Amino acid sequence: MSDKHHKAGHSVRDAFTSNLGMLAATLGSAVGLGNIWKFPSMTGTNGGASFLFVYLACTVVVGLPVMISEIMLGRTVKANAITTLRKLSPKGQPWGIVGISGVVAAFLILCFYTEVAGWVFAYIFKGISGSILTTDPTIASAAFADLISDPVQSIGWQWFVIIFVSIIITFGISKGIEKVTIKLMPILFLLLLVICGRSLTLPGAEKGLEFLFAPDFSKISGSVILMAMGLAFFKLSIGMGTMMTYGSYFKNSQNIPLTATRVVLADLLISLLAGIAIFPAVFAYGFDVSAGPSLLFITIPAVFASMPMGHLFAVLFFVLTAVAATGAMLSLFEVPVAYLCEARQMSRKAATLTTALLIMLLGAPAALSSSLTKDVKVFGMNFFDLFDFLSSNLCMPAGGLLICIFTGWVFGKDRFKAELSNHGLIKNEKVVDVLFFLIKYVSPLLVAIVMMNMLKVF
Ligand code: PHE
């Protein structure tokens, strides 16, 4: 099939130009702080290998089918998430709301994500100066507390990140996102391998590997499953319009199930490598694996400080994390930017500026969660945790559930098969049958059960 759909309106719509570019950008979206900050800290606090096992199950049964469906819906219409769902909705059905909730989720995530990314960028510089490299947990905690409890530094680093990502976004899809992610992904992978090599050659590394890979199933509980499911959504950038938006830049000749499978596998590999980089070192030096979110900013610098050549590796580690966060933030920005350009007829620059200003405004309460707004609690959470909770545990699973229902029950099997086989050009009927069964029955049921459990329906 030709790429005639590439034309939206009068002008040619920007899109990814190569298969590798599509893969790099999509993987760049999936890989991020989720792999290096959330995955290890959640695995650490939820019992290691058994959490990993539940996470894997959620990824296969829910993550992959939802990702494939979203990319497919986006490519079918070749528009932003809201327009895509509005156009595909039968008359009188309000599926556009799912797109709107996606844009809201993108903002919610960006509000806290840009803050954590800001800390990461700050830690590159602090790593170079050596100021965070200490084996004394009290000094390491104080250094991190200094950063997050200083309103000027918190906001400053957040703005730095927002401006940095906005600049790349203004260059567009092929010259901005694609060009940058194609260069960043190999760098990220190489840096990660180097750090894994260092971690694995430390004495006592086996303990960390055991923690990551030997499951204790007694640790699995309802809340562990909810967390693992939330992480799967967050990790794969699904349930909130990102994959639909990126899918709209896919070529008609792209094999969507194959690309998505590669992305999921590579993302998983990077999470595991992050675990292999972190846990053996944490065990080798006797630190606490269940330090939670501060694992990355307190435990890891301390771990590096205690190893030979730790200074260099600490800087490399934070560069790697910054690289990963950048690819993910590009894809988060693109959700509102694409909508503002296409549906509100803004220029790309104006759309980027609007998005950036909104994130600065809405993100400030999250950035100040450990300083000026630290006593403000909503549902018992500060703004930072609230935005994280609302996006990962509510908006994304709810969005994912509705995408399953839409794809399985409204979009329908015939169009699903036609789109995923590129109108008969790819022979993948059996695979697509299984995918459709998952998306129509299994994935929505699972997400619904987990969400009802969270809302305490039973
Ligand atoms: N997947 C990204 C990560 O792991 C986060 C993200 C979520 C990006 C949703 C885009 C959309 O860090």
Side-chain angles (χ1 to χ4, degrees), residues 24-43 55 58-59 62-64 66-67 70-71 74 80-81 99 101-120 161 165 168-169 177 181 184-185 188 192 227-249 260 263-275 293 296 320-339 355 359 387-400 403:
T26 315
L27 185 60
S29 167
V31 172
L33 294 170
N35 304 61
I36 300 166
W37 172 62
K38 275 196 171 208
F39 174 81
S41 75
M42 289 174 83
T43 311
Y55 169 72
C58 294
T59 301
V62 181
L64 185 63
V66 174
M67 184 192 269
E70 285 192 26
I71 296 179
N80 63 84
S101 121
V103 175
V104 172
F107 276 111
L108 284 175
I109 297 172
L110 277 165
C111 286
F112 71 90
Y113 207 94
T114 47
E115 182 53 23
V116 183
W119 300 337
V120 172
V161 167
V165 174
I168 305 176
I169 284 286
I177 297 177
T181 46
L184 291 187
M185 292 318 285
L188 179 136
L192 196 49
M227 300 245 249
M229 172 95 79
L231 181 65
F233 273 94
F234 186 84
K235 276 292 341 83
L236 300 176
S237 317
I238 53 176
M240 43 75 61
T242 285
M243 285 301 160
M244 236 182 273
T245 310
Y246 269 22
S248 76
Y249 305 129
V263 168
V264 169
L265 288 177
D267 179 71
L268 185 66
L269 177 69
I270 291 179
S271 293
L272 291 178
L273 287 177
L296 194 61
L320 150 101
T321 312
V323 166
T326 303
M329 287 186 290
L330 288 173
S331 72
L332 282 159
F333 258 71
E334 190 56 29
V335 177
V337 169
Y339 168 72
T355 305
I359 299 163
F387 291 157
D388 186 3
F389 178 83
L390 285 180
S391 49
S392 288
N393 292 351
L394 209 67
C395 287
M396 297 174 99
I403 290 293

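From a predicted model like this one, the values you see are computed outputs, not experimental measurements. One-based numbering, in listed order, for ligands and for the atoms of each.
- Taking only non-hydrogen atoms, the option from Gly32, Ser29, Ala324 nearest to atom 2 (C) of ligand 1 is Ser29.
- Under the 3.5 Å distance criterion, with hydrogens and angles disregarded, a donor-acceptor pair is assigned to the side chains of Ser331 and Ser29.
- Those atoms of ligand 1 with a heavy atom of Asn35 less than 4.0 angstrom away are 4 (O).
- Annotation: side chain of Ile169 is in contact with side chain of Leu330 (closest heavy-atom distance under 4.5 Å).
- Against a heavy-atom cut-off of under 4.0 Å, Met396 is close to the following atoms of ligand 1: 9 (C).
- Contact annotation: for Met329 versus ligand 1, there are no heavy atoms closer than 4.0 Å.
- Ring orientation note: the planes of Phe39 and Tyr55 are tilted relative to one another, at an angle of 30° to 60°.
- Each of the following atoms of ligand 1 lies closer than 4.0 Å to a heavy atom of Tyr113: 2 (C), 3 (C), 5 (C), 12 (O).
- With a 4.0 Å heavy-atom cut-off, ligand 1 is reached by the side chain of Met240 but not by its N, CA, C or O.
- Side-chain contact between Met240 and Leu108 is absent, with no heavy-atom pair separated by less than 4.5 Å.
- Every atom of ligand 1 with a heavy atom of Ala30 under 4.0 Å away is listed here by number and element: 1 (N), 2 (C), 3 (C), 4 (O).
- Near Gly34, meaning under 4.0 Å from any of its heavy atoms, are these atoms of ligand 1: 3 (C), 4 (O), 12 (O).
- Contact atoms of ligand 1 toward Ser237: 1 (N), 6 (C), 7 (C), 8 (C), 9 (C), 10 (C), 11 (C) (distance under 4.0 Å to a heavy atom of the residue).
- In this structure the side chain of Tyr246 never reaches within 4.5 angstrom of the side chain of Ile71, judged on heavy atoms.
- Between Ser392 and Lys38, the side chains place a donor N or O and an acceptor N or O closer than 3.5 Å (distance only, hydrogens not considered).
- When all heavy atoms of Ala30 and Lys235 are compared, the pair lying nearest together is O-NZ, 2.5 Å.
- Here the shortest heavy-atom pairing between Pro40 and Asn35 reads CD-O, 3.0 Å.
- The shortest distance between side-chain heavy atoms of Phe107 and Val335 does not fall below 4.5 Å.
- Considering backbone and side-chain atoms together, Ser331 places no N or O closer than 3.5 Å to any N or O of ligand 1.
- Compare Tyr246, Phe234, Trp37 by their heavy atoms: the one nearest to atom 6 (C) of ligand 1 is in Phe234.
- Closest to atom 4 (O) of ligand 1, if we only count protein heavy atoms, is Lys235 NZ, 2.5 Å.
- The Leu33 neighbourhood of ligand 1 comprises atoms 12 (O), with distances under 4.0 Å to a heavy atom of that residue.
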